[in-house]
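Whatever order the structure lists ligands and atoms in, that order sets their numbers, starting from 1.
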Amino acid sequence: MRYRQPLETLTQSRRPTKDEPPSGPREPEVRPAPTSIPCFRPIIGEAEIEAVTEVLRSGWLTTGAKAREFEQSFAAFMGGDVEAVAVNSATAGLHLAAEACGIGPGDEVLVPTLTFTATASVIRYLGAEIVLVDVEEGTRCIDLDQAERRLTPRCKAIMPVHFAGYPCDMVEVLAFARRHGLRVIEDAAHALPTRRDGRLIGSWDSDATVFSFYASKPITTGEGGMIVTRDPKIAVRARTMRTHGLDRDAFDRFRKVGASWSYDVVAPGFKYNLTDVAAAVGVVQLSRAESFQLSRQRAAERYLEKLAGLPVECPTPAPQGGLHAWHMFPIRVNETARANRDMLIAGLTAESIGTSVHYRPLHEMTYWKERYRCEPDDFPVASRYFAGAVTLPLFPGMTDDEIDRVVAVVRNILE
Ligand SMILES: *Cc1c(COP(=O)(O)O)cnc(C)c1O
């Protein structure tokens, strides 16, 4: 089935309702297909399209004034007093952050097993090793007691992942890191905006926090990412390494007429800069981040209410003083249910309802399993969660009817 991404704003109605007459003559025996509900739907409005058009007409396409504006807006969104460095993916951002923290051969980094592979891959890019850690029941964030047990003298950093937008306990993470002399790189790919103890994820005292603007993330630029840091040394190093290790980027050379050919290479860097075309989308999307979160939160609250009593474990809401980004809605089918995870996914698919699974844990993936000789029961919490995991549709502007339809199918299959 082909799925076209509709262009729309939050307020526009999306589809003809079932009461509207069909546009042409219809065969009486053809049953209308159930309207599909995607697992996620990016929201792109006219403002994003206009912003891109403006950049395309301007004559400057790569990293320039728009990327700078996006960085400044992002730093301001985080409350100021931080540096934001725009990159072309969160993977690139995590790589640059770890490089700037000096992670290299001989080092180890603590990574939760329940995450996307990128969190761990960037550590291997640098020739260092990861140490997988199980997650907590409920929050599905890295379990610090387990991290303590797996700690070795070679551990140099910890990478907490704010799973699905649930805010990790940053007071505890930072205390743990201080106790053991670790750097902290937060994977905030799901976490915009997210708060813990009233404080935004991205504004805490970790070494760096990295956000993703991939198509299915809380805000999007198609592909993109942002490194946020309070450490000017990390910001400078990340800026240098994102453009080939040059001491000045193309826009800087362009602005200073007469010296555009003159630059030095100070390190063997990467090519991780964000284009102005993408940054233009990002500036608009960032201005909508809070309304997107609110809309997802309303949908999540309805799910929590309607799914209560069914044999599923729902995501844990943020504690007092926190804000859950509700980037997604991953549930776990209980062992007592009438059907298992695969049957639930098949049933939802048959009703044109999109699902996903976040995630098959890294210790069950061939590369990581073989490299670190993992056994399936090494990380019991993550494994048990994965066995029943299904991510239900959740996106800004999801209607009550859409949520109720998903819940009705879940109820039918599991009860
Ligand atoms: C999406 C994601 C990433 C990678 O983001 P990209 O922008 O696609 O590179 C990293 N970590 C987690 C947890 C993610 O979900």
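For the pair Glu402 and Arg302, the minimum side-chain heavy-atom distance is 4.5 Å or more.
Of the protein's non-hydrogen atoms, Ser212 OG, 2.7 Å is the one closest to atom 7 (O) of ligand 1. Ranking protein heavy atoms by distance to atom 9 (O) of ligand 1, first place goes to Thr91 OG1, 2.5 Å. Nearest protein neighbour of atom 2 (C) of ligand 1, counting heavy atoms only, is Lys217 NZ, 2.6 Å. Protein heavy atom closest to atom 11 (N) of ligand 1, with residue, atom name and distance, is Asp187 OD2, 2.7 Å.
Less than 4.0 angstrom separates some heavy atom of Tyr214 from each of these atoms of ligand 1: 8 (O). Residue-ligand proximity, Thr115 to ligand 1, at heavy-atom distances under 4.0 Å covers atoms 13 (C). The ligand atoms of ligand 1 that sit less than 4.0 angstrom from a heavy atom of His190 are 13 (C), 14 (C), 15 (O). Annotation for ligand 1: atoms under 4.0 Å from non-hydrogen atoms of Phe116 are 2 (C), 3 (C), 12 (C), 14 (C). Listed by atom number, the atoms of ligand 1 under 4.0 Å from Thr119 heavy atoms are 11 (N). Less than 4.0 angstrom separates some heavy atom of Gly224 from each of these atoms of ligand 1: 7 (O).
At a 4.0 Å heavy-atom cut-off, ligand 1 touches Ala189 through the side chain alone. Residue contacts with ligand 1, taken as heavy atom pairs separated by less than 4.0 Å, do not involve Phe163 at all.
Using modelled atom types and a 3.5 Å distance limit, the side chains of Tyr372 and Glu129 yield a donor-acceptor pair. Counting only N and O atoms by type, the side chains of Trp368 and Thr113 include no donor and acceptor under 3.5 Å apart.
Phe386 carries Arg341 over the face of its six-membered ring, with the cationic atom under 6.0 Å from the centre and within 45° of the normal.
Distances shorter than 4.0 angstrom do not occur between any heavy atom of Phe211 and any atom of ligand 1.
In terms of polar-atom proximity, defined here as any N/O pair under 3.5 Å, Leu94 makes no such contact with ligand 1.
Of the candidates Phe213, Phe211, Phe77, Phe70 forms a ring pair (Phe, Tyr, Trp, His ring centres under 6.0 Å) with just one, namely Phe213. Put simply, the residue from His327, His190, Glu186 that forms a side chain to side chain donor-acceptor pair (under 3.5 Å) with His162 is Glu186.
Heavy-atom neighbours of Glu54 CD from other residues, nucleotides or ligands within 6.0 Å: at or below the threshold of 12. Atom CD of Glu290 sits in a sparse spot, with 12 or fewer heavy atoms from other residues, nucleotides or ligands closer than 6.0 Å.
Between Glu71 and Arg68 there is a salt bridge, since at least one side-chain N of the basic residue sits less than 4.0 Å from a carboxylate O of the acidic one.
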